[in-house]
Amino acid sequence: MSADNTPSFHERAVAEIQSIPYGRVATYGQIAARAGNPRGSRQVSRILHSSSRKEKLPWHRVINAKGGISLPPGGGYELQKSLLRDEGVEFDERGLVDLERCGC
DNA sequence: TTACTGACCTTTT
DNA sequence: AAAAAGGCCAGTA
């Protein structure tokens, strides 16, 4: 981590993820674009996995651009859904989050 | 058809 | 060895 004065993609993305308030969600594209790479949405997921192991990142607040869970069933899909619901996030009948309300 | 979004893998520090 | 940093490709709308 170049914590000197080099705002890397990694720490930038982690900061954005941690900046997500309660009851709010963010998409990969939003975080990636804010981090400095509009095409680095893939890396965001990697950071969620990597940093969340040591840092307690609200990975459950990170969803895809459709407002849904990109995780496979049994891999954390219903788990994240429950976490978001516990925060007050409204889910669609299809399991989609209201990006108009929580899409910061 | 084209454009955009992904929950990874690889390499470097 | 472990963690951080970085990018390309294919699927879907």
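Throughout, a chain's letter reflects where its sequence line sits, starting with A, and its residues are numbered from 1.
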From [atom1] of [X] over to [atom2] of [N], roughly how many Å is that when rounded to an integer?
| X | N | atom1 | atom2 | result |
| --- | --- | --- | --- | --- |
| A:N64 | C:dG11 | CG | P | 18 Å |
| A:H49 | C:dA3 | NE2 | P | 15 Å |
| A:H60 | B:dA7 | NE2 | P | 18 Å |
| A:I47 | C:dG7 | CD1 | P | 12 Å |
| A:I63 | B:dG6 | CD1 | P | 9 Å |
| A:W59 | B:dG6 | CH2 | P | 16 Å |
| A:K81 | B:dA7 | NZ | P | 17 Å |
| A:L71 | B:dC8 | CG | P | 8 Å |

Give one of base, sugar-phosphate or nothing for [X], where a contact means two heavy atoms less than 4.0 Å apart.
| X | value |
| --- | --- |
| A:Y28 | base |
| A:V44 | nothing |
| A:S50 | nothing |

Would a hydrophobic clustering, with Ile, Leu, Val, Met, Phe, Trp and Tyr connected at side-chain separations under 4.5 Å, put [X] with [Y]?
| X | Y | result |
| --- | --- | --- |
| A:I20 | A:F9 | no |
| A:L96 | A:L71 | no |
| A:Y77 | A:V97 | yes |

Completion exercise
On DNA chain C, more 5' by nearest nucleotide between A:G40 and A:S51 is A:S51
Handout entry: 5' precedence on DNA chain C between A:R39 and A:K66 (nearest-nucleotide basis)
Key = A:R39
Kindly say if [X] contacts the phosphate of [N], meaning a side-chain N or O under 4.0 Å from OP1 or OP2.
| X | N | result |
| --- | --- | --- |
| A:S45 | B:dG6 | no |
| A:S41 | B:dG6 | no |
| A:N37 | C:dG7 | yes |

Completion exercise
What one should report as the nearest heavy-atom pair of A:I31 and A:E16 is CG2-CB, 4.1 Å
Exercise for the section: Inspect the surroundings of CD in A:E78 and state if more than 12 heavy atoms from other residues, nucleotides or ligands are less than 6.0 Å away. Expected result: no
Practice task
Confirm from the modelled atom types if A:Q43 and C:dA4 form a donor-acceptor pair under 3.5 Å, side chain to base only.
Solution key: no
Fill in the blank from the handout: Scanning all shown strands, the Watson-Crick or wobble mate of B:dC9 with both distances under 3.5 Å is C:dG6
Problem - Selection from B:dA7, C:dG6, B:dG6 that lies nearest to any side-chain heavy atom of A:R46 - result: C:dG6
